[in-house]
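Okay, structure first, notes after.
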Amino acid sequence: MQRKDLSHTQRMGIVAGTLAATLILAISQLATGGLFTSHEEAIIASTQNPQVATHQPTPTAHNSEKGTPDTSTAKKRPKKTATTKTATPSGEIELPTPYPDGYPMVVFGDSTMSLAPTKKQVKNPVSKCKHYEGAWPQLVSAKLELPMADLSCAGARSGLYWKLNAKKYVGPTTRLVLLSFGSNDLSVQNQLVSDNAFPGTGPYLPHAEQSEVEQDLVEVLQDIRALAPKAMIVTAGYLPLVEGVACKNLPNMTPLEMKRVEDLRRKADESLTNATARTAEYSTEMMRNRGVEVDSSGVFNIPFSGVTGHTLCAADPDRFILNHENVGARYHYTVPGLQYVAKAVVERYQAEAKLWEKQSAKL
């Protein structure tokens, strides 16, 4: 079949999308002090370009909102899409895994999980992305004494999960899976960077619809549950970035910009909360289908929308969000912020672990 040429409008749209992605990346690099590798820059650029194909799984019995959970070991596969030469965070590293049946703890997420305000990087045998000492999943891993495969990556959106070959790391012996996606899907950080770049109200950047993000997360979480039926799954929301109508640390932002940044962050949090609740129902039904009396779904969400007084607008000692510190990515978490998230995750795991382990042993 002869290939149909693109129209002038379509060509201009692709050029505009690519230029927008380049501009956002350049501004983000300035805000973060150039913390991204060329590998991570490619991920960020591809996730911002609407012409790049993303995973769109076909509804099945186990990912349909109304379907009965599929308890088989079959996993859904992404549709065949146009491929690029962008490497995935884990695909380039082919090392024998010390945990062939699943790492005790596995992490999926974005820069809120991989970055910390330090120049000291940690070695990560499963990822090409940069990971910094003191990131909150590392604190959780150390506290719970669970060796982890950290697949988080700066710039990652939820669709990146399908490129990570999750079954290589998640399996029947996995005890804990941590996930935090959605902020980049909704362009929360990019909107903040763009709005504070210049005085006056700037453009409202394109982003995914909240309902789409929620459904994408449902499919990711259900796939994790199918891969690791005995793992506790914990999703972590996002710490608030701004509050109020004006902020001394964000002098260029108008009240409208303040509101829409917080609205986007809230939507990211809600997407995780709702997707987790739907996956908890899926997990419960899956176990009941296996004849297990269910007291716990094993799937939990930790939202942070209720956290106040620690945004960019707070006094410096109280901030959970970096501004112009000497080290670290601006608009990401401070050391107290990272510790706050890690403490919440550890406490939730410890509160649920005894009941969940007793129940999951029957699977």
Exercise. When you look at L217 and L179, which way does the side chain to side chain contact (heavy atoms under 4.5 Å, CB included) test go after all the steps?
Worked result: CA-CA 10 Å; L217 290 169; L179 182 141; 4.2 Å; yes
Exercise. Does the side chain to side chain contact (heavy atoms under 4.5 Å, CB included) test come out yes or no for Q191 and E257, once each step is laid out?
Worked result: CA-CA 9 Å; Q191 189 67 61; E257 290 175 327; 6.0 Å; no
Exercise. Would D263 and K267 satisfy salt bridge (Lys or Arg N to Asp or Glu O under 4.0 Å), going step by step from the backbone distance to the final call?
Worked result: CA-CA 6 Å; D263 284 347; K267 289 179 180 180; over 6 Å; no
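Between D295 and K358 there is no salt bridge, since none of the side-chain N atoms of the basic residue sits less than 4.0 Å from a carboxylate O of the acidic one. Contact check on E293 versus K362 returns no salt bridge, with no Lys/Arg side-chain nitrogen under 4.0 Å from an Asp/Glu carboxylate oxygen. Contact check on E262 versus R266 returns no salt bridge, with no Lys/Arg side-chain nitrogen under 4.0 Å from an Asp/Glu carboxylate oxygen.
Annotation: side chain of L272 is in contact with side chain of S180 (closest heavy-atom distance under 4.5 Å). At least one side-chain heavy atom of P98 sits under 4.5 Å from a side-chain heavy atom of Y103. You'll find the side chain of E325 stays beyond 4.5 Å of the side chain of P117, heavy atoms only. Put simply, the side chain of F304 reaches to within 4.5 Å of the side chain of I302, judged on heavy atoms. Counting heavy atoms from C-beta outward, D223 and Y161 have side chains that approach closer than 4.5 Å.
Residues M232 and V341 share a hydrophobic cluster, clusters being chains of Ile/Leu/Val/Met/Phe/Trp/Tyr side chains in contact below 4.5 Å. Both V299 and L363 belong to a single network of hydrophobic side chains, linked directly or stepwise wherever heavy atoms of I, L, V, M, F, W or Y lie under 4.5 Å apart. Transitive grouping of hydrophobic side chains (ILVMFWY, heavy atoms separated by less than 4.5 Å) brings L151 and V140 into a common cluster. In the hydrophobic clustering of ILVMFWY residues, with side-chain heavy atoms under 4.5 Å counting as a link, Y132 and L139 come out apart.
Surrounding CG of D316 are more than 12 heavy atoms belonging to other residues, nucleotides or ligands, all under 6.0 Å away.
Applying the ring-ring contact (aromatic ring centres under 6.0 Å, His included) rule to pairs touching residues 204-231 yields Y204-H207, sequence neighbours excluded.
Under the 30°/60° scheme for interplanar angles, the aromatic rings of F320 and H310 are found to lie parallel.
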If you look only at distance, which donor and acceptor atoms sit under 3.5 Å apart when one is on a side chain in residues 246-253 and the other is two or more places apart or in another chain?
{"unit_1": "N249", "atom_1": "OD1", "unit_2": "N323", "atom_2": "ND2", "d": "3.3"}
{"unit_1": "N249", "atom_1": "ND2", "unit_2": "L312", "atom_2": "O", "d": "2.6"}
{"unit_1": "N252", "atom_1": "ND2", "unit_2": "N196", "atom_2": "O", "d": "3.0"}

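Without hydrogens or angle criteria, Q359 side chain to V294 main chain gives no donor-acceptor distance under 3.5 Å.
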